[in-house]
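Please read the structure below before turning to the comments.
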Amino acid sequence: DAGVIQSPRHEVTEMGQEVTLRCKPISGHNSLFWYRQTMMRGLELLIYFNNNVPIDDSGMPEDRFSAKMPNASFSTLKIQPSEPRDSAVYFCASSTGQGRGYTFGSGTRLTVV
Amino acid sequence: KNEVEQSPQNLTAQEGEFITINCSYSVGISALHWLQQHPGGGIVSLFMLSSGKKKHGRLIATINIQEKHSSLHITASHPRDSAVYICAALNYNTDKLIFGTGTRLQVFP
């Protein structure tokens, strides 16, 4: 298995632009997580899905952030409009449940200028 | 106060030294993960523990559920062990992780 696949690896965009991050979880994993990592706040959970259904989005910073999981093999995290303070590394992770098989993607490093 | 605390924040060692990183948590957990992140790199789960001890190569992780404490030990440390080590508390019901602040380890030859 290729693991959790994220794209793009790096994204540089101008303030105000829309940014879409993509994630393909490991086949058979029924939980998917979006995390954000910054120097100031470390790793934070943004949202997680179970069987494609959003379960907890309490970590989503504000309405500019949205996430979808249209099917078991694909999820997106969208920021519209982006702001410089959104600059961070965004990780996607998937698991089979009860913490088993917890696997992180390589992350997307987002820079908003 | 963070729900998951790690110590030390930074650690330097000479190659070959025995290393211990500690993690204390205040939340009820189902299990605890130890994660490794190399500079500019992705995150790898080293261990998931719900009780006792686990060993993988030179790495040993222990957990005391009653005391809400876990330790990660590295025996015969090597420069390639240089990374950030993060403990994360897991709730089985939600599979959500609550992360510690991380310990930055540097091992010099």
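As the structure is a computational prediction, the values presented were derived from the model and not from experiment.
Interface summary for chain B: among A:N50, A:D56, A:I55, the most heavy-atom pairs under 4.5 angstrom belong to A:D56.
With rounding to the nearest 0.5 Å, the separation of OG in A:S95 from CG in B:L90 is 8.0 Å. Note: B:I43 CD1 to A:Y35 OH = 9.0 Å, rounded to the nearest 0.5 Å.
Closest approach of B:Q37 and A:F91 over heavy atoms only: NE2-CZ, 3.5 Å.
Side chains of A:Y102 and B:M48 form no contact here, defined as non-hydrogen atoms less than 4.5 Å apart.
Within 6.0 Å of atom CG in B:N10, more than 12 heavy atoms from other residues, nucleotides or ligands are found, so the atom counts as buried in its surroundings.
Placement of B:L105 and B:L59 within a single hydrophobic cluster is found when ILVMFWY residues are connected by side-chain heavy-atom separations under 4.5 Å, directly or transitively. A continuous path of ILVMFWY side-chain contacts below 4.5 Å connects B:L97 to A:L43, so both sit in one hydrophobic cluster. Connection of B:I29 to B:V4 is established within a shared hydrophobic cluster, with ILVMFWY side chains joined at heavy-atom distances below 4.5 Å, either directly or through further cluster members. Transitive grouping of hydrophobic side chains (ILVMFWY, heavy atoms separated by less than 4.5 Å) brings A:M69 and A:L46 into a common cluster. Note: the hydrophobic cluster containing A:I26 does not contain A:L77 (ILVMFWY, side chain heavy atoms under 4.5 Å, direct or indirect links).
No part of B:I98 comes within reach of chain A, as not one of its non-hydrogen atoms sits under 4.5 angstrom from that chain. Heavy-atom distances place the side chain of A:Q37, and not its backbone, under 4.5 Å from chain B. With a 4.5 Å cut-off on non-hydrogen atoms, B:S45 touches chain A through its side chain but not through its backbone.
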